[in-house]
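Note sheet for the following structure.
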Amino acid sequence: MSTPRGSVVVPAHDEGAVIERCLRPLRAGAGDLEVVVVANACTDDTAERARALGARVVETAVPGKANALNLGDEACTAFPRAYLDADVSVDGEDLRRVLDVLRVGPALAAAPRLRVDLSASSWPVRAYYRVWTALPYVTDDLVGSGFYALSRAGRARFGRFPDATGDDTFVRALFAPGERVSVPGTTFTVHPPRTLAALLAIKTRARFSVAEHAAAPGGAAGAGGAAPASALRRLAARPALWPAVPVYAGVGLLTRLRARRRLSSGAPVAWDRDTTSRTPA
């Protein structure tokens with residue numbers, strides 16, 4: 001058997017409704033990717049669907065994304081290595097181009113450009129993402145939000161994935177802007193919530209992960225976010241976005257307050273899962 005062009009780790013907890021949407025595009029073109037799906041604490045047919053599409057499946061009764069990522073790493077044999085959420089999708093050729101960028105270097109972390117499919121979302125959700133996708137955090141070499149890939153040297157920056165809320169936040173903070181790239185001409189697609197309530201839930205989780213990282217030993221405040229001045233300048237230059245700014249600001253304020261309350265309480269954090277984007281339109 002030839003050496004894989006790269007490996008893909010897909011942690012999946014009860015993702016039977018969307019796992020085919022994630023895996024089918026990866027099989028496009030040459031079948032030279034090592035795809036490992038880690039079905040963690042699943043009660044549905046995620047594992048069976050993944051196997052039917054040719055993925056190697058690792059099953060565990062232990063829940064948690066960090067554990068799934070670590071098990072996926074242990075099962076993989078190749079670098080560069082991509083880490084892909086089960087509810088996002090990327091064309092196999094675009095993924096290969098990202099891996100090739102890492103193979104050549106000097107980038108240590110890379111991802112395709114982000115595309116948000118808002119076709120089934122309500123107007124407040126669309127308004128929020130119109131602003132969010134215009135911010136420097138997203139437009140300037142985004143690595144995260146459901147997809148990041150690491151070279152062998154990039155993966156050597158840390159040992160095991162920590163048991164934290166946001167692996168995206170943790171990984172992004174490890175690399176300076178010059179060490180991570182968003183590869184032009186490639187895209188990956190995220191499927192955002194359809195309702196405002198679901199949006200508030202997942203953004204509270206995201207805010208919590210940033211606050212959690214900042215509070216951890218060696219954490220950096222603001223990791224994973226854009227500098228406020230830079231974001232304001234970007235928005236000021238685009239008047240067409242101004243009507244959507246109150247929605248974005250309101251969601252940001254409310255989720256920040258919720259996340260701080262959770263962090264200060266010290267209570268275990270429930271995984272805020274969006275189910276609205278995992279059901280038929």
Side-chain angles (χ1 to χ4, degrees), residues 1-12 15 18-40 46-60 65-113 141-161 167-168 170-172 174-175 178-189:
M1 180 179 176
S2 61
T3 302
R5 191 166 175 176
S7 296
V8 185
V9 177
V10 183
E15 299 285 13
V18 295
I19 194 67
E20 292 185 23
R21 183 181 69 189
C22 174
L23 296 182
R24 281 192 185 280
L26 300 184
R27 315 314 298 183
D32 54 359
L33 295 175
E34 178 184 51
V35 180
V36 176
V37 174
V38 184
N40 61 100
T46 296
E48 291 78 8
R49 289 177 179 269
R51 286 194 186 95
L53 289 168
R56 185 193 312 172
V57 177
V58 176
E59 296 188 71
T60 176
K65 189 176 182 181
N67 179 62
L69 289 168
N70 287 320
L71 289 175
D73 260 342
E74 292 169 5
C76 287
T77 62
F79 281 99
R81 191 166 296 170
Y83 301 86
L84 179 65
D85 285 358
D87 61 335
V88 307
S89 52
V90 59
D91 180 78
E93 286 306 313
D94 283 0
L95 189 148
R96 291 176 180 89
R97 288 181 60 187
V98 171
L99 298 181
D100 288 345
V101 165
L102 291 172
R103 185 176 294 106
V104 174
L108 302 177
R113 302 284 190 183
D141 292 334
L142 172 70
V143 172
S145 293
F147 185 117
Y148 52 87
L150 305 175
S151 67
R152 185 184 295 274
R155 182 60 185 85
R157 284 280 174 94
F158 63 101
R160 294 175 63 80
F161 283 91
D167 61 298
D168 287 352
F170 166 75
V171 169
R172 180 179 172 85
L174 294 173
F175 302 98
E179 296 176 323
R180 60 178 189 258
V181 298
S182 183
V183 180
T186 66
T187 61
F188 76 103
T189 302

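Just so it is clear, the structure is predicted and the values come from calculations on it, not from any experiment.
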| request: Starting at NZ of Lys65, measure out to CG of Asp85 and round the result to the nearest 0.5 Å. | output: 3.5 Å
| task | Of all the heavy-atom pairs spanning Ser145 and Val88, show the shortest one and how long it is. | result | O-CG1, 4.5 Å
| query | Can you tell if the side chain of Glu15 reaches within under 4.5 Å of the side chain of Arg49, non-hydrogen atoms only? | reply | no
| query | Got a second to check how far Ser151's OG is from Glu179's CD, nearest 0.5 Å? | reply | 9.5 Å
| query | Does a side-chain heavy-atom distance below 4.5 Å link Val90 with Val98? | reply | no
| Distance-minimising heavy-atom pair for Leu99 and Ala149 | CD2-CB, 4.2 Å
| request: Give, for atom OG1 of Thr187 and atom CG of Asp91, the distance between the pair rounded to the nearest 0.5 Å. | output: 7.5 Å
| Arg160/Asp73 salt bridge by N-O under 4.0 Å criterion | no
| Would Arg113 count as a cation-pi partner of Phe147, with NZ or CZ less than 6.0 Å from the six-membered ring centre and within 45° of the ring normal? | no
| field | Point-to-point distance, once rounded to the nearest 0.5 Å, from CG of Leu150 to CG of Leu174 | value | 8.5 Å
| request: To the nearest 0.5 Å, tell me how far Glu34 CD sits from Thr3 OG1. | output: 10.0 Å
| task | Using a strict cut-off of less than 4.0 Å between a Lys/Arg side-chain nitrogen and an Asp/Glu carboxylate oxygen, indicate whether Arg97 and Asp100 qualify as a salt bridge. | result | no
| field | Arg81 backbone acceptor or donor facing Ser7 side chain under 3.5 Å | value | no
| task | Could you list all the salt bridge (Lys or Arg N to Asp or Glu O under 4.0 Å) pairs where at least one residue sits in residues 145-154, not counting sequence neighbours? | result | none
| Do the ring planes of Phe161 and Tyr83 sit parallel (below 30°), tilted (30 to 60°) or perpendicular (above 60°)? | perpendicular
| Do Tyr148 and Arg172 have side-chain heavy atoms sitting under 4.5 Å apart? | no
| task | Check whether NZ of the Lys or CZ of the Arg Arg155 lies under 6.0 Å from the centre of the six-membered ring of Phe158 and within 45 degrees of that ring's axis. | result | yes
| Between CG on residue Asp87 and CZ on residue Arg21, distance to nearest 0.5 Å | 6.5 Å
| message | Do Asn40 and Asn67 make a side-chain contact, defined as non-hydrogen atoms from C-beta onward lying under 4.5 Å apart? | response | no
